[in-house]
Structure formats: C-alpha cells, structure tokens
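Here's the structure, in structure tokens; my notes come after.
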Amino acid sequence: GLGDVYKRQGLKSLSSEFTNDTAAFEYAGILNGYDLHFYAKVFKKGNLFYLATATDLNSQWDKSKDKLISVVNSFQLN
C-alpha cells in the first residue's frame with residue numbers, strides 16, 4: 001500500500017483522507033538530507049488525476065502549515 005511507498009522512501013505517513021473525487025495525504029521525513037513535511041492532495045476529474053503539493057522544512061511546518069494547506073485545498077477543477 002501507500003504506507004509501504006513512504007517507508008521505502010524513508011518517509012512517515014501522518015494522515016490521509018479520502019472522498020469520492022479527492023485524496024489528501026500528510027507525510028514527513030528526511031529527503032536528500034532535509035527534514036521535510038509534506039501535504040499533498042489528489043483531485044480526480046473523469047479519467048485524469050491532478051496533484052497539488054506543499055512542502056516545508058519540518059522545523060517550519062507549524063508556522064506555515066495553515067497557509068500551505070489552504071493554498072493546496074484552494075485548487076479547483078473547472
């Protein structure tokens with residue numbers, strides 16, 4: 001599953017949420033020597049999928065998360 005993908009990359013899954021046409025994931029870990037925190041959301045329209053992501057240093061996440069998550073969640077398909 002997706003947790004195995006994160007684990008292989010040295011990342012830890014923190015949360016996930018699914019609806020009929022979206023999936024949101026939060027994960028963290030060290031990548032290329034940087035301790036990072038990620039938020040990603042997948043949007044489905046027909047047979048196509050769109051991915052919006054936000055990334056910041058884990059040490060800065062508490063300060064930036066509200067803004068970053070808001071920007072990702074503002075993505076809309078017309």
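Just the heavy atoms: all of them, side chains too, but no hydrogens, waters or symmetry mates, feed the values below.
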Using atom types as modelled, flag every donor-acceptor pair under 3.5 Å from a side chain in residues 51-60 to any protein atom, sequence neighbours excluded.
{"unit_1": "Asp56", "atom_1": "OD2", "unit_2": "Ser64", "atom_2": "OG", "d": "2.6"}
{"unit_1": "Asn58", "atom_1": "OD1", "unit_2": "His37", "atom_2": "ND1", "d": "3.0"}

Query raised in the report: Looking only at heavy atoms, which two atoms of Leu11 and Gly29 are closest? And how far apart?
Result: CD2-CA, 3.6 Å
**Report entry** Over all atoms of both residues, closest heavy-atom pair of Val72 and Phe43
**Finding:** O-CZ, 3.8 Å
Query raised in the report: Same cluster for Tyr27 and Leu36 if Ile/Leu/Val/Met/Phe/Trp/Tyr side chains link at under 4.5 Å?
Result: yes
Requested in this report: Kindly work out whether a path of hydrophobic side-chain contacts (I/L/V/M/F/W/Y, heavy atoms less than 4.5 Å apart) joins Tyr34 to Trp61.
Outcome: no
Report task. Not counting sequence neighbours, which residues clear side-chain contact (heavy atoms from CB on, under 4.5 Å) with Thr19? List them please. Result -> Asp21, Thr22
Report task. Using ring pair (Phe, Tyr, Trp, His ring centres under 6.0 Å) as the criterion, list what pairs up with Tyr50, not counting sequence neighbours. Result -> none
Report summary line: Applying ring pair (Phe, Tyr, Trp, His ring centres under 6.0 Å) to Phe49 and not counting sequence neighbours gives none
Query raised in the report: Taking side chain as C-beta onward, heavy atoms only, is Phe18 less than 4.5 Å from Phe25?
Result: yes
Query raised in the report: Lys44 side chain to Gly46 main-chain N or O, any donor-acceptor pair under 3.5 Å?
Result: yes
Query raised in the report: CG/Asn73 to OH/Tyr39 distance, rounded to the nearest 0.5 angstrom?
Result: 3.5 Å
